[in-house]
Every structure is written in structure tokens, then in C-alpha cells.
Amino acid sequence: MSTPVKKVPIHLQSSQNRLVIRHGKIVNEDGVLEEDVYIEDGIIKQIGKNLIIPGGTRTIDARGKLVLPGGIDPHTHFEFEFMGAKSVDDFYQGTKAAVSGGTTMIIDFAFPKPGESILDCFYNYRQKADDKVCCDYALHMCLPHWSEQVKREMEILCKEHGINSFKMFMAYSFMLNDAELYSAFEQCQKLGAVAQVHAENGAIIVKNIERLLSKGIVGPEGHELSRPEEVESEAVNRACVIAKQVKCPLYVVHVMSKQAAQVLNLARENGNQVYGEALVAGLATDGNQCKHQCFQHAAGHVLSPPLRSDPTTPLALMNFMAQDVLQVVGSDNCTFNKAQKELGKDNFTKIPNGVNGVEDRMSVVWEKGVHTGIIDPCRFVAITSTNAAKIFNLYPRKGYIGVGSDADIVVWNPNATRTISAKTHHQAVDFNIFEGMVCHGVPEYVVVNGRVILDEGQLRAVEGFGRFIDTPVFPPYVYDPSKLEELKPQNNGNVEEEIQNIREIEKLHLEEKTCLTPTLPESTASTPSGRGARPEGQRNIQDSTFSISEDLDTDRKSCIRVRNPPGGKSSGFW
Ligand code: URP
Ligand code: ZN
Ligand code: ZN
């Protein structure tokens, strides 16, 4: 663990504010082109050949390399208090590790402590994260219980604090029942948010645990036995059914089994607006690791839903990624040290659940997906970056290399290799589930907001350099604007006012779309994106709510309205 570098004010970085990446192959999810990228003040300003750029601009020669949108990891748990322990990667160490592996934005899960309101939880997460993050971040909010207050505060979070996604649990002591899920999904739909679900049947798990412990099965191998595949797939199906009733887009986090993915596939074929996230852990390793005779090794692989003992699962999940049955790869990075995993030495139910992945996600997905020939580089970009940006309404500001997008870029060497090890990784955790794995595909330069943070192997993470990024409601990728009225529940007492609100939002979307200037020339490849076809080589401006004319020269740290800011109440901006 190295000493954090102190934050450098943006205005003092002028010598570092201009960068050109030459001779590389730009890979977006919708195509590849051989052009140069010119960056100024954290924004991509020009793309093309023979660009005219100011003298003194730093040049990165990307000959033979790929120029990718920085990875977006939509599933992390930094400094998360869970199961009697606190995850050891904090927002500094975790985001630093992320950047070292080519991820330039993370979305963490804010999880309320017992008795804490979701609004206070939001403020507390901002306070924890803002001064530590080395790259941009956003937050999902977890709903560990359901109440009228939660419902009200969801609205405040969506309207005032840039939250557009809520995670509900169908397992653990804080799970919601079906009626509560129904209400929570209904509220998400009304607000234009994305419902996320941890899909496992909690009641069955409790009964299975009783049975296993009474038989004396107490080791880590008991973990998957208590949560078999059908316990996951049943919950995925139930979540899809409930979401369908209220026409709420649903994002199933950490899909870990073939059965669960098949259920999602069926729901998607039936026209349900559902999306599936695999984990890099699930694509690269399996549940047999939890049967290892070394407790530390076995417990180090315990997460929920579990890695599956069926050894064909990782390959099957990667094929589901290729076929667009699953759309996103997250890490679910939730790291506990060996000493913390010891909490479950005599009882597998007490092993803190979680594994690493934020640092290695990009390389491991490249190795298992692209190097094996299952997916092409465009699909790699889609599943590690663009699709998350679309679903959580960050696109094309994030997840895309185009004029006006944030300069979050990775220069990727597909031919270089590296060997993963806990001894050399940048994470705080003392274990790595990918230990010894040799990966083709190595980030050589990682540019975060225009600044070269990984520079020919030198990591120069800057604590607090990242910003909180709002995720606006009604992502057009999941809430098709043309269908908004049809989606509105009809039994609401204040339908007219609601439709008026929706029209305002639609109008805003349209105004913003007219600001966009598509800049991409012809592309040379395409991969499934989960939405209708569009002409190759054109930015999908219908999928955008981002105006390139905004905020280019202003202080780029976001400005948030708070009710209970750290240090006292306020109704203003800070
Ligand atoms: O085991 C896991 N997945 N730990 C993190 C919490 C969660 O459910 O995502
Ligand atoms: Zn979960
Ligand atoms: Zn998680």
C-alpha cells in the first residue's frame, strides 16, 4: 500500500491538459477506426487524421495498440460494513486499483446502516468517497427495507441527487418480500429509475442452512449447497414477473448460473425490459474452489450467489455475454482479508461474502472472452463499459470515444501479458481469486479525465481526483421516450401532473439531442447492443441525453443540492 498522492487543483495542471493519442485503433462498441484522439481539459476535442493541435501537446504513440473507452465497473462495495466485517478496499485503494487495470469509473452500492435513512446514507457515502476517489464514480442505493419514508426519499434521491438505480435483496435478513418488491419496482418505474435485484430465494436458503448445519456441514463447501442454482433462477424468474407487472426495467446483478441466465433469456425473448450482469469471478473461476482443503483459499472464493460447481459455467456465461443474453460484466468487488474470512472458520454462514475483481476485470474478460475468440473487441467494449453507461444514463459522456465525451481512455496492448497475483496487485486485500492467471491484454496508458494516470507502467493515482457523476433518471436506453406515456401506471391519483412531468422530461431529452453532433466516421465492425439496429458507424443520438456543449470550461467537480450536508443543514449548493 503506497502513500496517497495529494489532490492537485485542476488549474495547476495546465501542462498536463493537452494530450494526443496517435496511430492507435479506436474501438467503440459499434466500430473500429484508425484515427488520432486529441484531448484538452479532460474532454475529447477532436478525432481524425492529420489533426492540427497546439504545440507542446504531449503525444502517446499507440501504434499496434487499441484505444478503448475506459472501463466502467458498475458493481463495487468499497469500505462496506457487511456480515460483521468491513471490506478492506476503500474508495482510494479501490479506485486506484480500478484505474491500474483500465477501469476509469465505478458505481458503488450505498448501503444504509441499521436505522439510517437512505438520504443520510447517500450523504455519508458522498462524504466517505468524494475526497478519496481516484476516478469518477456514481452510486446505486440499496433498499434494505420498505416503508413510506423510503418511497419518499427515493424520489428526493432521483430528483435532487443524481441517483437512478436501487438495489433490492431477495435474500439475507434484509430481503424484501414480493409485495414490497412490487411496491419498490413500482416506485422505480414512476421515477424513471432502474430496479436492481439480488436474486436468491432467501426463505429456502434459511431452511437449507438449518438442514446442512444440523448434519454437521459447516465448511465453505456448505455455501453453495445452501444456495443451489434453482434457488437463484427461481428468484430471477420471480423478479422478472414482478417487474413485468409494473413495467419496470430490471437489472439483475451478479448472474452466477446457467439456469439464471436461461431464465433471463426467456424473459428478454418475451419482451421484458431486463438486463443481466455477470461477474468477472463467474466468467473465470468456479465453485470447486470452495471445496479446497485450505480454508483461506476456499473461503476466499465465497460470495453470493455462489460460484457454481458445474465447471462448464464460466464458458457458458461468456457465451451468454456474446449472445447478448447478458449485457454487462461487473466485479462485485467486496474484499475481505484472510483474517476477516476466519469469522466463518466453524460456520460457513459467517464467512463474509465477497471477492476481488475491480483491478483485474478488464484483463480477465479480455483473456476469457477476446483472446479465446468468443467475443470481438467491440463486444468487449460493450460489456465492460458502454452497456453500463447506457443502462445507467452516462452515455455517451462515458463508455464512448467521441468528440465531447469525457477523456476516460485506455491504451490497450492486446499482445502483452501479465500474471495476476496478490503480491503485486494494487488492492488492499491479501488474496486474489485469479492468482497465477496469465492474461493477454494489458493497459499501457490509462487516461482519467484527460490526465495520464497509468503511464507506461507507472501508476500516478491522485486521491480525490475523481468526481461524483449524476446518473439522471429515465435513461433512454431502458426507458424508450416514445413509450413513456404507455409505461405510466394508470391508477395513479395524479396522472395528468405525472404525464406533464414526463413530457417535460421528454422535451428535455429532445433539446439535448439536438445539441449533439455525431462525429464518428465509418466503422468496421458491429456487435449486439441489446437495442434495435442502427446504421453502422453513427453515434446513436437517440440513446443520448448528453450535450457536448455543456460545462466544458466550468469547474468540473459536480455541484449537488443537499438537505443534510456534512457539517449541517442547507438548502443551497455546495
Ligand atoms: O457476496 C457478495 N456478492 N457480496 C457483496 C454483496 C452483494 O450481495 O452484492
Ligand atoms: Zn448482491
Ligand atoms: Zn454486490
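Every number for a ligand or one of its atoms is a count from 1 in the order of the listing.
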Sub-4.0 Å atoms of ligand 1 with respect to non-hydrogen atoms of Gly354: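 Near Gly354, meaning under 4.0 Å from one of its heavy atoms, ligand 1 has 1 (O).
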Centroid separation [X] to [Y] less than 6.0 Å:
| X | Y | value |
| --- | --- | --- |
| Tyr395 | Tyr400 | yes |
| Tyr172 | Phe82 | yes |
| Trp146 | Tyr182 | no |
| Phe111 | Phe169 | yes |
| His145 | Phe174 | no |

Students should be able to answer this: which protein heavy-atom is nearest to [atom], and at what distance?
| atom | answer |
| --- | --- |
| atom 6 (C) of ligand 1 | His77 NE2, 3.7 Å |
| atom 8 (O) of ligand 1 | His198 ND1, 3.0 Å |
| atom 4 (N) of ligand 1 | Asn353 O, 3.2 Å |
| atom 3 (N) of ligand 1 | Asp332 OD2, 2.7 Å |
| atom 1 (O) of ligand 1 | Ser304 N, 2.8 Å |

Structural part of Lys167 in contact with ligand 1, heavy atom criterion under 4.0 angstrom: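 Looking at Lys167 and ligand 1, just side chain atoms fall under 4.0 Å.
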Residue part near ligand 1, for Leu303, under 4.0 Å between non-hydrogen atoms: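 Contact part for Leu303 vs ligand 1: both backbone and side chain.
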Passing candidate, ring-ring contact (aromatic ring centres under 6.0 Å, His included) with Tyr275, options Tyr251, Tyr477, Phe392: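 In the set Tyr251, Tyr477, Phe392, the residue that makes a ring-ring contact (aromatic ring centres under 6.0 Å, His included) with Tyr275 is Tyr477.
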Cation-aromatic face contact Lys338/Phe431, 6.0 Å, 45 degrees: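 No cation-pi geometry.
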Geometry at the Zn ion (ligand 3) - His75 NE2 versus His77 NE2 angle, rounded to 10 degrees: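 The two atoms form an angle at the metal of about 110°.
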Side chain to side chain contact (heavy atoms under 4.5 Å, CB included) partner of Thr471, chosen from Ile391, Leu394, Val194: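 Of the listed residues Ile391, Leu394, Val194, the side chain to side chain contact (heavy atoms under 4.5 Å, CB included) partner of Thr471 is Leu394.
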Geometric class of the His254/His198 ring pair [parallel <30°, tilted 30-60°, perpendicular >60°]: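 If you compare the ring of His198 with that of His254, the planes turn out perpendicular.
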Full working for salt bridge (charged side-chain N to carboxylate O under 4.0 Å, His left out) between Lys423 and Asp430: CA-CA 8 Å; Lys423 292 192 188 76; Asp430 58 5; over 6 Å; no
Residue and atom names of protein N/O/S atoms that fall under 2.8 Å from the Zn ion (ligand 2):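 Sorted hits: Lys167 NZ, His198 ND1, His254 NE2.
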